[in-house]
**Student:** 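So that we are looking at the same thing, I have put the structure below in structure tokens.
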Amino acid sequence: MTLSRFDFPEGFLFGAATAAYQIEGSSFGGCGPSHWDTFSATPGNVKRGLGGGVACDHFHRWEADLDLLKAANLDAYRFSTSWARVMPDGVHVNPAGLDFYDRLVDGMLARGLKPFQTLYHWELPSALADQGGWTNRETCARFADFAQAVTHRLGDRVASIATVNEPWCVAWLSHFIGAHAPGLRDIRAAARAMHHILLAHGLAVERLRAMGQPNLGIVLNFDHAQAYSESAQDRLAAATWDGIINRWFIEAITAQTYPAVVMEGLAPHMPRHWERDMEIIGQKLDWLGVNYYTRHILDHDGTALWPHLREVPGPLPKTQMGWEIYPEGLRNFLVRMARDHVGDMPIYVTENGMALADDGAGGVTDDPARTAFLFDHLAAVRQAMAEGANVKGYFYWSLLDNFEWAEGYEKRFGLVHVDYETLARTPKSSYHALARALARND
Ligand code: FCB
């Protein structure tokens, strides 16, 4: 199915998303070390042991990259401002870092692109990681200082600010599963990170509100949790996964509570007096960002400790990440968010996309599967809107092939191909299909 911008209400925003560490090159411009630099420099953590030192060299090529967004007829660009670039030691400002984002934001405005800024897309300065990172409550206060410093400089020009990208990845994936920096597998660290990342969000919102900054939100990731069978145990496994990834953050923010099904495992490990923070965490927001990629099928695992579950491979066609393609999940979450949590509050799909292999056989930029993925998910957005979800925009992940965290550079999510030897950018057929769909007839 091919849709066009005219199938959506006037004012609906189409954009593409990136994140600082994945594209900029952390070795340029006085950027400080982050836990992603050291995590990726440790054997076994990232495929081929590659980090984000150069990445896509966006630090030097940002103008051409903004031109690509503009030429795709996009309305908005979701980018992030690296904490380690702005504050190399986690505390003091690096003027060159702020200057870079200043130019970048002006470059967006000059091209008619709305800047959708994310404050934390995961590059925690090493100096703060040394002090315990997200297991340390102090990091939350430092984050509010960072939010203030960046907003002081850019806040007059950005269209919106998200505090944190995907708190589940920051906390659970990184402190319980251990797949992302800092690579911990510790339930006490995980419980603390699950709470502190939300406290950091709340303190930043409080600080930015005090500055009069409008249009504040957060970007959460959602994963459709499917029980492997109808058995009560498998349904509990799916409900537990749903609690950990889909309910923990949104319920804290909208209802100031944590789900009982998750507290069953985490309660003994929570920071003291966590309840006292819930009011700060639960401040009203202006919009919610929904990131959606796939579903997971969960099976009860009686031999495992809490949360007593394991993932089972599913039958649907998969992306290069091995993720099942399931657009229905996007529709479900958008409708569920509106119905159960945010009502009429604007929702943006802040990330959705697929990785496809660069097969080296000339098929690199011919990616009809990505085009189909994109339009099928846009159709799901439309259905959710017809069912009452107040969705105001959709951002494809990602503009460019880039550093895909623990997967290194092999997993390619871009509308634009990046040759990592020459750093040349080549738009793929999906890019051209999207540009056609978004063209205005004037
Ligand atoms: C999300 C991240 C983003 C990217 C995509 C594929 O979890 O926010 O940086 O890696 O997945």
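As the structure lists them, so they are numbered: ligands from 1, and atoms in each ligand from 1.
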**Student:** So which bit of Asn221 gets within less than 4.0 Å of ligand 1, heavy atoms only: side chain, backbone, both or neither?
**Tutor:**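 No part of Asn221 is near ligand 1 at this cut-off.
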**Student:** Under 3.5 Å, side chain of Ser126 to main-chain N/O of Pro33, donor-acceptor pair present?
**Tutor:**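 Side chain of Ser126 to backbone of Pro33: a pair is present.
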**Student:** Suppose I only count heavy atoms of Phe413 and a 4.0 Å limit; which atoms of ligand 1 are within that range?
**Tutor:**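 In order of number, 6 (C).
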**Student:** Looking only at side chains, do Arg425 and Tyr431 share a donor and an acceptor under 3.5 Å apart?
**Tutor:**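 Per modelled atom types, Arg425 and Tyr431 side chains form no pair under 3.5 Å.
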**Student:** In plain terms, say whether Lys428 and Asp366 are close enough for a salt bridge, that is, a side-chain N and a carboxylate O under 4.0 Å apart.
**Tutor:**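 No, Lys428 and Asp366 are not salt-bridged.
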**Student:** At less than 4.0 angstrom from any non-hydrogen atom of Gln22, what atoms of ligand 1 do you find?
**Tutor:**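 So the atoms of ligand 1 that pass are 3 (C), 4 (C), 9 (O), 10 (O).
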**Student:** Pick one of side chain, backbone, both or neither for how Met321 approaches ligand 1, counting any non-hydrogen atom pair under 4.0 Å.
**Tutor:**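 Neither part.
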**Student:** Looking only at protein heavy atoms, which one is nearest to atom 3 (C) of ligand 1, and how far off is it?
**Tutor:**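 Its nearest protein heavy-atom neighbour is Glu351 OE1, 3.4 Å.
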**Student:** Could you check whether Arg85 makes a cation-pi contact with Phe100, meaning its NZ or CZ is under 6.0 Å from the centre of the six-membered ring and within 45° of the ring axis?
**Tutor:**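 Yes, Arg85 and Phe100 form such a contact.
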**Student:** So, are Arg412 and Glu404 salt-bridged, with charged N and O less than 4.0 Å apart?
**Tutor:**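 Answer for the salt bridge query: no.
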**Student:** Considering heavy atoms of the protein only, find what lies nearest to atom 5 (C) of ligand 1 and give residue, atom and distance to 0.1 Å.
**Tutor:**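 The closest one turns out to be Tyr293 OH, 3.2 Å.
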**Student:** At less than 4.0 angstrom from any non-hydrogen atom of Asn165, what atoms of ligand 1 do you find?
**Tutor:**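 What qualifies from ligand 1 is 8 (O).
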**Student:** So if I count the atoms of ligand 1 from 1 in the order they appear, which ones are less than 4.0 Å from some heavy atom of His121?
**Tutor:**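 Numbered from 1, ligand 1 contributes 2 (C), 3 (C), 8 (O), 9 (O).
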**Student:** Got the closest protein heavy atom to atom 7 (O) of ligand 1, with its distance?
**Tutor:**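 Ranked first by proximity to atom 7 (O) of ligand 1 is Glu166 OE1, 2.5 Å.
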**Student:** Which residue and non-hydrogen atom of the protein lie closest to atom 10 (O) of ligand 1, and at what distance in Å?
**Tutor:**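 Here the nearest protein heavy atom works out to Glu404 OE1, 2.7 Å.
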**Student:** Looking only at side-chain N and O atoms, does Asn291 offer a donor or acceptor that is under 3.5 Å from a partner on Asn165?
**Tutor:**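 Judged by distance alone, the side chains do pair up.
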**Student:** Just distances here: any N/O of Trp122 and N/O of ligand 1 closer than 3.5 Å?
**Tutor:**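 Between Trp122 and ligand 1 (N or O atoms, distance only) the closest approach is not under 3.5 Å.
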**Student:** Is there at least one pair of N or O atoms, one from Trp397 and one from ligand 1, spaced under 3.5 Å apart?
**Tutor:**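 Checking ligand 1 against Trp397, no N or O pair falls under 3.5 Å apart.
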**Student:** Would you call Glu410-Arg48 a salt bridge at under 4.0 Å N-O?
**Tutor:**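 Judged by the 4.0 Å cut-off on N to carboxylate O distance, Glu410 and Arg48 do form a salt bridge.
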**Student:** Answer yes if the ring centres of Phe39 and His180 are under 6.0 angstrom apart, and no otherwise.
**Tutor:**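 Ring centres of His180 and Phe39 not closer than 6.0 Å.
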